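Written out below as structure tokens is the structure these notes cover.
Every chain is numbered from 1 and lettered A, B, ... according to where its sequence line falls, protein lines coming before strand lines. Values below: every heavy atom of this structure, side chains too, minus hydrogens, waters and symmetry copies. Note that this is a predicted model, so its numbers are computed, not measured.
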Amino acid sequence: MACRGRPCCTILRRFRAVTEMTLRRRCDGDNVYQTLKDRLRDALARHIAFAYHVDMDVTLERPPRIEMGEAASPLCFELAKRLKKAPRILAQEIANALPEVAGIERIEVAGAGYLNAYFARGAFWADLAKEEKSGESNPGSGTGGGKIIVEHTSINPNKAAHIGHVRNAVLGDTLVRILRHAGRRVQVQNYIDNTGVQVADVVIGLLWMEKRTPVSVKMMAMEPHFDYDCWDIYAKATQFFAADQAQATKLRGETLRAIEEGRGEEAEVAEVVADAIVTFHLRTMARLGIHYDLLARESEILHLKFWDAAFEMLKKSGAIVLATTGKMAGCWIMPAEKESADVKCGEEATETAADDGDDEDNMQDKIIVRSNGTVTYVGKDIAYQLWKFGLLGKDFKYAKWKGAPPEETVWATTSLKSDQQAPNFGAPATTVYNVIDARQAYLQNVVAQGLRALGHAKEAEHSIHFAYEIVALTPRCAAELGYELTEEEAKKPYVEVSGRRGHGVKADDLIDKLEAATMQEVRERHAEMSEAEQVQTAHIIAVGALRYFLLKFTRNSIIAFDFADALSFEGETGPYCQYAVVRIRGIRRKGLETVGAAIGAVSTETASALLGGTAGNDLWELLLLAGSLDQAAELAISGQEPAFVATYAFRLAQAFNLFYHKFHILSEPDEQKRGFLLGLTEVVERQLLTALSLLGIEAPEKM
RNA sequence: GCGCCUGUAGCUCAGCUGGAUAGAGCGUUAGCCUCCGAAGCUAAAGGUCGUGAGUUCGAACCUCACCAGGCGCACCA
């Protein structure tokens with residue numbers, strides 16, 4: 001009896017975990033494909049442990065062609081190595097001896113030893129169609145697992161949002177939608193750096209360069225293009241500073257300090273600017289269907305002594321030290337993490353050697369508190385991260401944000417008195433996603449290092465830098481916008497936007513342009529629509545085009561933005577996916593008129609017959625894909641890649657279009673078959689709409 | 001100098017964490033609207049997966065070296 005020792009216990013424990021996971025998944029939605037895969041994996045693992053006493057991770061994949069089944073495992077190759085038997089023989093043994101798995105029709109051996117599983121197509125149909133009738137969908141506010149915080153957008157409140165900010169917000173918002181779909185409890189936060197250098201620069205631009213009074217700034221802030229005005233002022237201010245660095249340092253220092261301490265005209269103007277710009281940002285993002293639960297403001301981190309608390313913790317633990325010599329003298333710094341820290345054993349051997357020669361200028365150390373006593377962004381972010389995980393022992397006060405978009409409640413932190421109705425934002429999170437661009441990886445590491453130094457290694461691990469690459473411009477696009485490029489820049493595949501030079505595509509300009517382009521198309525195609533309908537339709541298509549465009553790239557791909565691409569509505573685009581839905585709706589409208597289109601109940605037998613064999617492959621592939629939505633969503637979460645859902649939506653739309661051209665649904669003479677085709681169309685519509693909703697994209701009735 | 005990322009079709013990108021014949025969109029070429037909407041569909045052409053070694057039953061994917069590009073290493077964020 002080999003099955004007695006410790007390994008076996010491990011195996012059993014693992015099964016229990018796997019089974020529980022499978023059960024949990026089974027309850028939470030329309031994941032037919034996922035469920036079958038889990039069952040198969042479970043059955044194979046059990047069988048192998050039982051028959052061969054081997055504990056193995058069972059990998060499952062999609063075979064290259066549908067004739068080879070719906071799920072396949074190459075596990076026999078691995079098993080063959082361990083048992084020193086031929087893989088094909090093992091595969092045959094397993095295929096013969098594996099107990100029946102619900103929903104799986106048969107298992108065959110293929111190639112050099114693959115195990116190919118064939119799903120019971122009729123049953124798959126019945127499962128998917130049944131869910132449709134019950135109308136059960138995933139609850140938006142799941143209870144599964146602990147609280148998750150997604151922080152995204154977090155734009156400096158000193159100028160209008162640009163295309164790069166939109167990528168951040170769209171990625172974050174999509175992540176939130178996918179997590180919620182999967183039943184996770186998610187809170188959305190938008191960090192407002194209202195006491196930072198960028199706001200200070202605009203304040204200096206207004207007060208010092210333009211000689212404005214606080215009253216005139218207040219008037220200005222009420223103008224509809226204040227965010228655009230600030231865009232220009234910021235560009236001018238940075239140019240001015242570049243010309244006179246000494247003055248810049250002095251002015252910035254003074255202004256920053258005044259803002260932090262909340263005194264004088266500087267603080268007054270900073271508040272006016274930041275509050276107004278945040279409201280502009282909220283409005284811009286609302287156009288794209290992006291909303292927030294909480295605006296976490298940096299001013300409160302200071303005023304409510306969050307930083308002071310964190311500062312004490314950091315000092316006490318020795319995570320930060322006061323530099324007394326070198327050019328960082330007078331600063332509190334976090335020393336660079338020693339690489340050898342993760343070498344667990346035998347470290348003493350290396351310890352004796354003198355580190356290096358140039359330790360006097362502590363290059364790798366990160367300044368947390370400047371010599372003038374002000375705190376850097378990293379310091380404030382450490383305090384903020386500690387609060388997110390409930391480790392600070394303090395909480396914000398909360399009030400409704402006055403500048404929230406219409407019919408929307410947005411909460412914000414405040415130093416004044418707290419609104420009793422405010423949700424419990426201070427409840428500790430178990431996982432935090434910080435959607436921040438890839439260039440800030442170093443700073444995010446320093447923040448994580450701070451958490452670890454305070455003994456919160458687990459939280460540091462669950463604080464995920466959801467990094468993404470920048471949105472740049474193609475040289476052609478930059479030229480179109482009238483930017484002067486150096487010869488070197490013109491040769492590159494893309495040109496980075498620059499707030500300093502005032503270069504960039506403003507979010508609202510882009511949305512306006514997209515809406516104008518879609519409006520023109522809608523007018524041409526649908527003269528019968530009312531103006532309001534046309535506007536609404538154009539808006540939905542424009543948002544679909546933009547969000548899809550930003551989501552189809554994986555996170556670490558640099559997007560070289562070009563109006564030609566973003567304004568394209570053909571091929572792999574949002575409108576393509578929306579068009580598939582519109583076609584389905586067209587069929588339904590027409591069907592109601594002509595056939596009476598009673599979808600009625602399609603028996604499993606009928607479905608099975610239509611889906612079976614080579615003749616049914618086309619229909620089956622569409623159905624299978626429609627049933628794989630949650631598989632795509634789970635993959636997007638585990639792989640931290642919202643693009644997977646975008647790809648899924650496109651592939652489903654594509655598969656539907658193929659089906660649409662092959663089968664004439666309404667003119668199908670066989671009533672049973674017509675009912676089935678209509679039913680299949682309904683399933684596809686539901687799944688496609690859900691997939692698009694995860695991307696924050698709606699589908700219009702007509703387009 | 002140190003650290004991170006990237007190199008796949010003419011262009012822009014996928015490639016399910018090591019599996020079966022490497023995919024899509026755009027562009028090009030040739031077709032499809034008396035037929036549920038052509039923002040659509042069909043077909044063709046297009047690849048030494050940066051280079052070289054290694055790991056193994058099996059590599060675009062893992063390891064190492066090199067080549068090319070990008071980003072980061074501020075008392076900015």
Side-chain angles (χ1 to χ4, degrees), chain A residues 59-65 68 72-74 77-78 80-81 87 110-114 116 154 156 193 196-198 200-201 238 249 252-253 327-331 333 336 339 363-364 366-372 374 376-378 381 436-443 445 467 469-470 472 474 492-494 496 518 521 525 541 545 552-554 556-560 562 564-565 568-573 575-576 578-580 582-591 594-595 631-632 635 638-639 641 643-644 647 650-651 654 657-658 660-668 677 681 702-703:
Chain A
T59 55
L60 288 176
E61 57 191 58
R62 272 294 283 280
R65 287 194 313 275
M68 300 165 135
S73 183
F77 300 117
E78 167 88 21
K81 208 166 26 175
Y114 282 95
N116 290 357
S154 306
N156 272 305
D193 184 2
V197 171
Q198 292 214 22
D201 284 357
T238 46
T249 313
R252 263 192 187 147
K327 57 182 174 186
M328 292 180 184
C331 298
I333 59 169
E339 275 308 310
M363 286 282 288
Q364 303 302 316
K366 181 68 204 168
I367 291 168
I368 306 297
V369 181
R370 305 183 185 101
S371 55
N372 69 359
T374 55
T376 61
Y377 161 82
V378 178
D381 205 24
I436 302 174
D437 89 71
R439 292 173 301 184
Q440 298 194 39
Y442 164 72
L443 292 187
N445 279 334
E469 270 295 349
I470 53 162
T474 61
K492 286 186 176 177
Y494 55 84
E496 202 175 330
T518 47
E521 294 282 331
R525 289 158 202 253
I541 298 169
K552 74 174 175 182
F553 299 95
T554 50
N556 55 11
S557 169
I558 294 173
I559 299 179
D562 197 316
D565 296 332
S568 151
F569 308 134
E570 290 163 16
E572 196 193 344
T573 64
Y576 177 96
Q578 292 171 319
Y579 187 67
V582 165
R583 274 182 156 167
I584 293 170
R585 289 178 171 164
I587 292 169
R588 191 182 12 255
R589 270 198 308 275
K590 190 88 177 200
T594 57
V595 214
Q631 156 94 348
L635 224 52
S638 62
E641 196 58 84
F644 291 166
T647 307
F650 174 67
R651 291 212 303 134
Q654 209 177 24
N657 276 330
L658 185 64
Y660 176 90
H661 280 272
K662 262 188 192 156
F663 297 87
H664 286 257
I665 299 161
L666 293 177
S667 57
E668 170 58 46
L677 295 178
T681 304
K702 295 177 176 178
M703 67 187 278

Sticking with atom [atom1], work out how far [N] lies from [M], rounded to a whole angstrom.
N: B:rG70; M: B:rC13; atom1: P; answer: 15 Å
N: B:rA24; M: B:rG47; atom1: P; answer: 15 Å
N: B:rA53; M: B:rC11; atom1: C1'; answer: 32 Å
N: B:rA22; M: B:rC61; atom1: P; answer: 15 Å

Considering only side-chain heavy atoms of [X], which listed nucleotide, [options], is closest?
X: A:Phe77; options: B:rG19, B:rG70, B:rC16; value: B:rG19
X: A:Pro74; options: B:rC75, B:rG19, B:rC35; value: B:rG19
X: A:Phe553; options: B:rC71, B:rG70, B:rU12; value: B:rU12
X: A:Asn116; options: B:rA20, B:rC36, B:rC75; value: B:rA20
X: A:Tyr114; options: B:rG72, B:rA20, B:rG25; value: B:rA20
X: A:Ala110; options: B:rG37, B:rC57, B:rA20; value: B:rA20
X: A:Arg439; options: B:rC35, B:rG72, B:rA74; value: B:rG72

Side-chain-base donor-acceptor pair under 3.5 Å for A:Thr376 and B:rC75: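 No, no donor-acceptor pair under 3.5 Å.
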Most 5' of A:Glu641 and A:Val378 on RNA chain B, judged by nearest nucleotide: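 Nearer the 5' end of the strand: A:Glu641.
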Contact state string [nucleotides 38-44 of chain B, B base, S sugar-phosphate only, - no protein heavy atom under 4.0 Å]: SBBSS--
Classify the nucleic acid contact of [X] as base, sugar-phosphate or nothing, counting any heavy atom under 4.0 Å across all strands shown.
X: A:Ser557; value: sugar-phosphate
X: A:Lys702; value: base
X: A:Val582; value: base

Determine whether [X] and [Y] make a side-chain contact, defined as any pair of heavy atoms from C-beta on separated by less than 4.5 Å.
X: A:Lys366; Y: A:Tyr442; result: yes
X: A:Val369; Y: A:Thr376; result: no
X: A:Ile584; Y: A:Tyr660; result: no
X: A:Val378; Y: A:Ile368; result: yes

Interatomic distance where CG belongs to A:Asp565 and P belongs to B:rU12 [whole Å]: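 Interatomic distance, CG of A:Asp565 to P of B:rU12: 10 Å.
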Backbone N or O of [Y] within a donor-acceptor pair of the [X] side chain at under 3.5 Å?
X: A:Asn116; Y: A:Met68; result: yes
X: A:Lys552; Y: A:Thr573; result: no
X: A:Ser557; Y: A:Phe553; result: no
X: A:Ser568; Y: A:Ala564; result: no

side-chain N/O A:Asn556 vs B:rU6 OP1/OP2, d < 4.0 Å: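 Checking B:rU6 against A:Asn556, a side-chain N or O does come within under 4.0 Å of OP1 or OP2.
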Donor-acceptor side-chain pairing of A:Asn657 and A:Tyr576 below 3.5 angstrom: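 Per modelled atom types, A:Asn657 and A:Tyr576 side chains form a pair under 3.5 Å.
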Atom pairs, N/O to N/O, protein against nucleotides 31-34 of chain B, distance under 3.5 Å?
none

Watson-Crick or G-U stems of RNA chain B, 3 or more pairs, under 3.5 Å, by first number: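 Consecutive-pair runs (3 or more) involving RNA chain B: B:1-7 with B:67-73, B:10-13 with B:23-26, B:28-32 with B:40-44, B:50-54 with B:62-66.
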Validation row, ring centre A:Tyr114 to ring centre A:Phe77 under 6.0 Å: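 Yes, close enough.
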Closest non-hydrogen atom pair, A:Ser73 against A:Leu60: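 In terms of heavy atoms, the two residues are closest at CB-CD2, 3.7 Å.
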Ring-base stacking, A:Phe650 with B:rA24 (5.5 Å, 30° cut-offs):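 The ring of A:Phe650 is not stacked on B:rA24.
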Anti or syn - B:rC16, cut at 90° from 0: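 Anti conformation for B:rC16.
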N-glycosidic conformation, B:rU42 - syn within 90 degrees of 0, else anti: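 Anti, since the glycosidic angle lies more than 90° from 0.
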Ion pair A:Arg651/A:Glu572, N-O distance below 4.0 Å: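 Salt bridge between A:Arg651 and A:Glu572, a charged N being under 4.0 Å from a carboxylate O: no.
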